[in-house]
Each structure stands twice: as structure tokens, then as C-alpha cells.
Amino acid sequence: MSFETNMAVREKFLEALRSVLSVAVLVFVLMLVFVPTPFDVMVSFAVGTVFLLVGMTLFTLGADVAMKPMGGILGSFIAGRKKTWLLVSMGLVLGFIITITEPGLLVFAELAAGIPSLILIVSVAVGVGVFLAIGFLREVLHLSFKYILLAFYSLIFIVALFVPENFLPIAFDSGGATTGSMTVPFIMALGVGIACAQKGSCTEDDNFGLIAICSIGPILTVMALGLIYTPESGAADYVVYTATTADSAALGAAYSGALLRYMREMLLSLAPVVVVFLAFSLLAIRPPAGTVVRILFGILSTYAGLVLFLTGAQLGFFPVGNLLGHCLAESDYKGLLVVVGMVFGYFVIRAEPAISVLNKQVEDITGGGISQRAMKLSLSFGVALAIGISMLRVLTGLPIEWVLLPGYVLSVGLSFVTPKIFTSIAFDSGGVASGPLTSAFLLPLAIGASHSLGGNIATDAFGLIAMVAMTPLIAIQVMGLYYARKGGR
């Protein structure tokens, strides 16, 4: 490998290490001190941690090497044709095929029992495709971002009045689970490529807003699914993961089986992305051969990372998250569930690699007026509060709409008084905040607790990802108001 490649691998490894290590250390402390844990569960978690670490390294490297260049190349090509029908149709196609490879969504679909994973993933992917096309049209027609938010979030809460109770939290979670490490770099690069091709130059505003619009689509399509689809089973059939690896041979067999399963599934998921790019490369775009080879290498890295990440999440993080939630909810001190959830929320968001990128962008935009440290603290405490409220919902059965409705009303209201760039960053960052560790660990924690308490998992545990995604909408816009009042632009 070249020096640049070695440096990139090292950077991505350190990012993954920061993401996984803080959570892993906290989990081991809880298992050793507070929660009696079978040895096989601890071993499986340790192996899963290694899989997640290597998987996140390869996946994020592949996303940088392949997804960003692919998005930029395709975006510039589509905009260069100057045909609205092509813009809309490619938005539909590209939004769909990139979403079905998103690891956060794949993890989330595994947990949403009662709805077959394929049906949920396709519903979400359709939503992203439709709203990516709407986002492209917004750039072409120069529509106001805040009025788009007002219109569609009003529609969401009107439709929510008619959606079955069990579908609401899953629908809102879908918006946060969708926009993750795969979709964000690809869609942002698409948007920037289209905007720059139209204007002949780019501004900082071109980098933000498209992700936020794409996050709306899955909420509406899963709500629509709830209106027409009858779940196969009730809340009692939600999977509560437990480790059954009594010895090293059983552990090896479990990991081997999961690896083979995800190798097949991810091959089918990534194939449409490769086919579309190669078709455009051979027939229309014709980028340099070196660029094509580099992108194919990135796709291979992405594939390997997805397989390892999903295997580690299923066999390492799911069971432990469930076990911790179950034991804390059964203890004499059920309030510890709220405290532990807040601690994990604080550290998970600080460790999320994409959050560091976001914080740097805000610091650059404000010329240092809002520091990375201030952003990090604001988001950390905000997400900690979101997880604390989510765990309180598990304990009390508080309806999700009682929290999300005032939160989104406040968020959209702030968009009318906050500087435009901060509104775009805030709504984009909701997807960034609800990263893969939220789906892989915090949601199973809530599911385990809800199952132990005999609650309705669909209404009490789900909604956690939506809470995490909502926090930055308020936190960043409030910081934008603070910056404006200090005399910023």
C-alpha cells in the first residue's frame, strides 16, 4: 500500500477505536461490577468488539474512497445533462440502491420484529429515493429549506394521527437509522456535484440540507406501511438476543455462520451500486481508469467492513445490550437504567467519527466563534438527555409523540429565526448523531429492559433512535442563535 493509503487506514482505525473502545470499556465495567454475566457472553462480546473495530475501519475507509467520489462524479454528470426528468429519475434510483446497503438500517431492520426485514428496508429505501429526488428539485427550483421542513413535518404529524400505535416509534426511528455512514457521504457528494455543476462554483450552503430532506422520506413511507400492512406477530415475539456459545467450538460456529450469511446478503446489497456505477462509467462518464480502480477497491473495502460490522453487532453487541437492559430493569434500582443510558449516550455521541467532522465544519463556518469543544459538549449532554428520556419511556410507557411533537415544533420554529446555514447543519446532523452504535447497542439495551418489565417493546423501546436524531436539531440551532447574537454573520 502507498503512504497515503497507510495513513488513511491508520486514521480510520483510530476513529473506529475511539467509537468502539469507550463503549466496550463501560460495558466490561458494568459486566464485572454490577451485572452478573455468563463467561460465554463476555467472550462473545470481546470477539464482537474486534469485529466491529475492524469492520468500522474498513467500512469508513471504503465510504471515503468509493462513496464520495461516486456521488460527486454521478452528481456532476446528472446535472450536466440539464434535464429535470433525468435528475428526478436518478434521485429515485440512486437513493434506493444506496439506502439498502446502510449498516444502521440493516441493524435496525434486524430488531424490528413483526415486520420482515426486506419489507422494512424496501419501504425505507423508497422513501429515501423519493425525497432525494425532491431534494434535487429543491436545488433546481431554489425552494426555501425551512418551508420544506414546515410542510413535510406538518404532514408527518397529521398522518401520525391515523397510524397504528406500534408503527409510530419504528417510523420515526427509520429516519434516523437511514442516514448513516454509507448514505451521508454519497448523498452529500451527489448534492454538491449537482449544485456546483449548475452554478459553476460552490458555497458552504451547498454542503447541507439534502440529508435532512432524505430523512423525512422513510418516516412517511413506514407510516404508510403501517396503514396498509398487518404485522405478522405481536410485541411478545420481538427477538431478545441471548448468547448460546457454551465453548469455543460453538462460538466459532456461530461467527462462521453469521459471516457466511452476511457475505451473501451484502453481496446482493452492493451489487446494484456497482452495476449502476460501472454502467455509467463505461457508457457515459468515462472517468480515468485509475479512478475506477480506486473506487472498486473502496467498494471491496466497504463490503468486507459491512460483513464484519454486522456479524460483530449481531453476536457481540445485541446480546450484551439486551442482557444489561434486562438486569438493570429487574434490579431493585430501576432508576439506574436511566442513569446508565445517559452515560452511554454521552460517550457514544462523543465517540461517533462523523460528529468530529461536523464539529470541525461548524468551527470553520463560524471562524472559531463556536468551538469544537462547545459543540461536542452541547451534543453530548443533549444526546445523554435524549437517551435518559428514552429509558424513562421504557419504565413508564410514555407515548413517543408526547416527546417528539413538541421537540419538532420547537426545531421547525427555530428554523425561522436561526441563521440559514445552522438550520441546514442541524437537520443534517440528526442522521449523523444516530450512528451505528446507537442501533447496535443502545436500542437492544432498551429492548432488553422493556422485555424484562413486560412492556410493549414496539411503543416503549423503539423511538430511541428518533430521540437521538432530534437532539442536534435543537442544540445546533440554539448555538446558531447564540453565535448570531454575538455578532456573527
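Side-chain contact check for F317 versus V20: some heavy-atom pair is nearer than 4.5 Å. Between I170 and I115, the closest side-chain pair of non-hydrogen atoms falls below 4.5 Å. Residues S44 and L251 form a side-chain contact, since some pair of their non-hydrogen atoms from C-beta on lies under 4.5 Å apart. Two residues are said to be in side-chain contact when any heavy atoms from C-beta on lie closer than 4.5 Å; V124 and T99 meet this criterion. Two residues are said to be in side-chain contact when any heavy atoms from C-beta on lie closer than 4.5 Å; Y255 and T311 meet this criterion. Looking at M56 and F13, their side chains never come closer than 4.5 Å, going by heavy atoms from C-beta outward. Looking only at side-chain heavy atoms (C-beta outward), S424 and F145 come within less than 4.5 Å of each other. Here the side chains of V307 and E265 are not in contact, with every heavy-atom distance at 4.5 Å or above.
Evaluation of the side-chain contact (heavy atoms from CB on, under 4.5 Å) rule for T471 yields V383, A386 as partners, not counting sequence neighbours. Qualifying ring-ring contact (aromatic ring centres under 6.0 Å, His included) partners for F96, counting only residues two or more places apart in sequence or in other chains: none. Under the rule for a side chain to side chain donor-acceptor pair (under 3.5 Å), the partners of Y262 that lie at least two apart in sequence or sit in another chain are E110. Here E165 pairs with nothing under the side chain to side chain donor-acceptor pair (under 3.5 Å) rule; sequence neighbours left out. Take L385 and apply the side-chain contact (heavy atoms from CB on, under 4.5 Å) test, not counting sequence neighbours, and it matches I389.
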Distance-only donor-acceptor pairs under 3.5 Å for side chains of residues 473-481, two or more places apart:
{"unit_1": "Q477", "atom_1": "OE1", "unit_2": "S415", "atom_2": "N", "d": "3.1"}
{"unit_1": "Q477", "atom_1": "OE1", "unit_2": "T423", "atom_2": "OG1", "d": "3.2"}
{"unit_1": "Q477", "atom_1": "NE2", "unit_2": "S411", "atom_2": "O", "d": "2.9"}
{"unit_1": "Q477", "atom_1": "NE2", "unit_2": "L473", "atom_2": "O", "d": "2.8"}

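Between F108 and F462, the ring-plane angle classifies as perpendicular under the 30° and 60° cut-offs. Taking the six-membered ring where the residue is Trp, F28 and F45 present perpendicular rings, their angle passing 60° and hence far from 30°.
Between F318 and F441, the gap from one ring centroid to the other reaches at least 6.0 Å.
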